[in-house]
2 protein chains.
Amino acid sequence: MTQTRRERLREVARTAVRDEIKAAAHRLMKTEGAAAVSLRAIARDLGMTAPALYRYYGSRDDLITALIVDAYTSQADWLQQACDMLAPDDHAGRLLMFGLVYREWSLAHPEDFALLYGTPIPGYHAPWEVTAPAAQRNMSIVLKLLDAAWQAGAITLAETYTRVPATFRRKLAEAAAAAGYDVPFSLLHFAMVAWGHLQGLISLELFGHLVLLGEQAGEVYRLEAEALVKCVGLKPSQRTYAILREFLQQQLRTGPVLN
Amino acid sequence: MTQTRRERLREVARTAVRDEIKAAAHRLMKTEGAAAVSLRAIARDLGMTAPALYRYYGSRDDLITALIVDAYTSQADWLQQACDMLAPDDHAGRLLMFGLVYREWSLAHPEDFALLYGTPIPGYHAPWEVTAPAAQRNMSIVLKLLDAAWQAGAITLAETYTRVPATFRRKLAEAAAAAGYDVPFSLLHFAMVAWGHLQGLISLELFGHLVLLGEQAGEVYRLEAEALVKCVGLKPSQRTYAILREFLQQQLRTGPVLN
DNA sequence: TCTGTAAGTTAACGGTGTTAACAGTTTATC
DNA sequence: GATAAACTGTTAACACCGTTAACTTACAGA
């Protein structure tokens, strides 16, 4: 099955071209907007003709799916790397870091954010079976964070997440089990709600609905992220911000190459 | 300047056609998805040719802008009407109702929601000066609600919104004043955050990121809406849900005609 | 050297937004 | 009532899009 080294070389070249195509698509998305990401434009950019791209991607939608998976991966990498800059037992720090980096990644990759959480490509519907695994990695990161803190007994959930209807508890526990998450249902509940809080603020900001707040949008978000940390009974530390700055500078250096 | 009755009749006919065009666009959006909303498809639907549409809308983007303004208006109508079904001094009820109806409208008009808060049309950028006033009406509704409760002394804001950096207070107060909102800065702060919370959950749900929660997404949202009401020191009442059901049935009867 | 495969090409189909030039009807004016 | 103007719609065309089919070209393996 694995062949002749010659064949493997060819495969390497193929994925190199595939990467070039994705890079061109990403470049166009960044400079001309999501609307300009057309197979013909990409081909022009690469000095090819459009039909040639079909040797590498079955269709425009396949290419977009690849871009989406890459975006999820980039996002997860940021989150994981940033959280890993803090001690494993610094639960408050890691949780706050997660929230803060979630916004930083979005601001640094607005087109990717739109690709994942808006619906910028008309007629495209993400194939669940391909994008869901990529998306789950992010969820896993935060759930692992929460679970670690939970195991360490560091978490005291606010009433909102403990005093809930019984059927809701049950159904949520079922959902968690079905998805293979081994965490208390209330943690899953909190994670979803927290995600919603952060997602909403970022989404509103990036799509231009918070112009009223101007520069203060970041401050609103920061307070929200800290509130969420407090919500599980943890105490956010200012030291986290210093490490965040360090992470961002590191990304600035290595970032632009392969986001 | 106002003319001859003849001219006014013509104007009426013109706006009637404009409405037909918007209706056709909306119909296509609902049945075939946002991708299918093309001038040619609309024209086909109306038994015309595409260039004829240019007599009524300067461009496709102008038409989309009109659809957006209509969507904002529909949303604001729902919110206003639903809140008005409760007594003016039922601050908790009105606030909870606002939150609940925000989701109900979104579920009932997913394409419009995407139009407002996603970015489903490629290459389209909403002209701020046209869409912002329409968008502000919704913000005004909730701010008026909050202010009424505030004036009545019914509101006790959680610490998150009172213990904030001094410069943040000042900048936010400036922003509020600049936008013509005569409310305490902390109310504006809370309104924005609350908006983010609700927006995030709806956005995640509608764009398919909460499939894990399944049916429970509604319950998560409900708990979140109640939490927000409690967050300003008000007590949500179960009676609100009965009135919500009443409102929704009323919308079901009159709704489909002109969304 | 011959052959098969892979990569890339051109040509074409049906779709899109948009413009220009033209026809038909209706309105206003002399 | 005839004539000019305004308005509403048409067709033809341009440049763009995703996609397919048929063809050329290079090149690795026998």
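Values below: all heavy atoms of this structure, side chains included; hydrogens, waters and symmetry mates excluded. Numbers restart at 1 for each chain; the letters A, B, ... are given by sequence-line order, proteins then strands.
- Closest of all the heavy-atom pairs between A:Tyr117 and A:Gln75 is OH-OE1, 3.4 Å.
- Atom CD in A:Glu11 sits roughly 16 Å away from atom P in D:dA28 (whole-Å rounding).
- Aromatic pair A:Tyr102/A:Trp78: centroids not less than 6.0 angstrom apart.
- What separates CG of B:Asp62 from P of C:dG17 is a distance of 14 Å, to the nearest Å.
- Atom pair A:Met48:CE and C:dT10:P shows a separation of 13 Å (rounding to whole Å applied).
- The existence of a salt bridge linking A:Asp62 and A:Arg18 is excluded, since no basic side-chain nitrogen approaches an acidic carboxylate oxygen closer than 4.0 Å.
- Atom CZ in B:Arg14 sits about 9 Å away from atom P in D:dC7, given to the nearest Å.
- Checking B:Gln81 against B:Gln251 by side-chain atom types alone, a donor-acceptor pair falls below 3.5 Å.
- B:Thr49 has a side-chain polar atom (N or O) that falls below the 4.0 Å cut-off from OP1 or OP2 of D:dT10.
- The CG atom of B:Leu28 sits 10 Å away from the P atom of C:dT16 (whole-angstrom rounding).
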Q. When every nucleotide of nucleotides 17-26 of chain D is labelled 5' to 3' by its protein contacts under 4.0 Å (heavy atoms), B for base, S for sugar-phosphate only, - for none, what sequence of letters results?
A. BBBB------
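- Under 4.0 angstrom from either OP1 or OP2 of C:dT26 there lies no side-chain N or O belonging to B:Arg10.
- Protein atom CG of A:Leu53 is 9 Å distant from nucleotide atom P of C:dG8, rounded to whole Å.
- The CZ atom of B:Arg18 sits 15 Å away from the C1' atom of D:dT8 (whole-angstrom rounding).
- Within the 4.0 angstrom heavy-atom criterion, only backbone atoms of the sugar-phosphate kind lie near A:Tyr56; the bases stay farther away.
- For B:Asp45 and C:dT16, the CG to P distance is 12 Å, given to the nearest whole Å.
- Remark: DNA chain C forms stems of 3 or more consecutive Watson-Crick or G-U wobble pairs, all pair distances under 3.5 Å, at C:1-30 with D:1-30.
- B:Arg222 pairs by the salt bridge (Lys or Arg N to Asp or Glu O under 4.0 Å) definition with B:Glu219, B:Glu226, not counting sequence neighbours.
- Between the A:Arg14 side chain and the A:Arg55 main chain, a donor and an acceptor come within less than 3.5 Å of each other.
- B:Tyr221 places a side-chain N or O within 3.5 Å of a backbone atom of B:Gly99 that can act as its donor or acceptor partner.
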Q) Given the rule in the salt bridge (Lys or Arg N to Asp or Glu O under 4.0 Å) test, do A:Lys144 and A:Asp182 qualify, once you have shown the distances and angles that lead to the verdict? A) CA-CA 9 Å; A:Lys144 240 174 240 163; A:Asp182 184 25; over 6 Å; no
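- The residues A:Glu32 and A:Arg27 are annotated as not salt-bridged, no charged nitrogen and carboxylate oxygen being separated by less than 4.0 angstrom.
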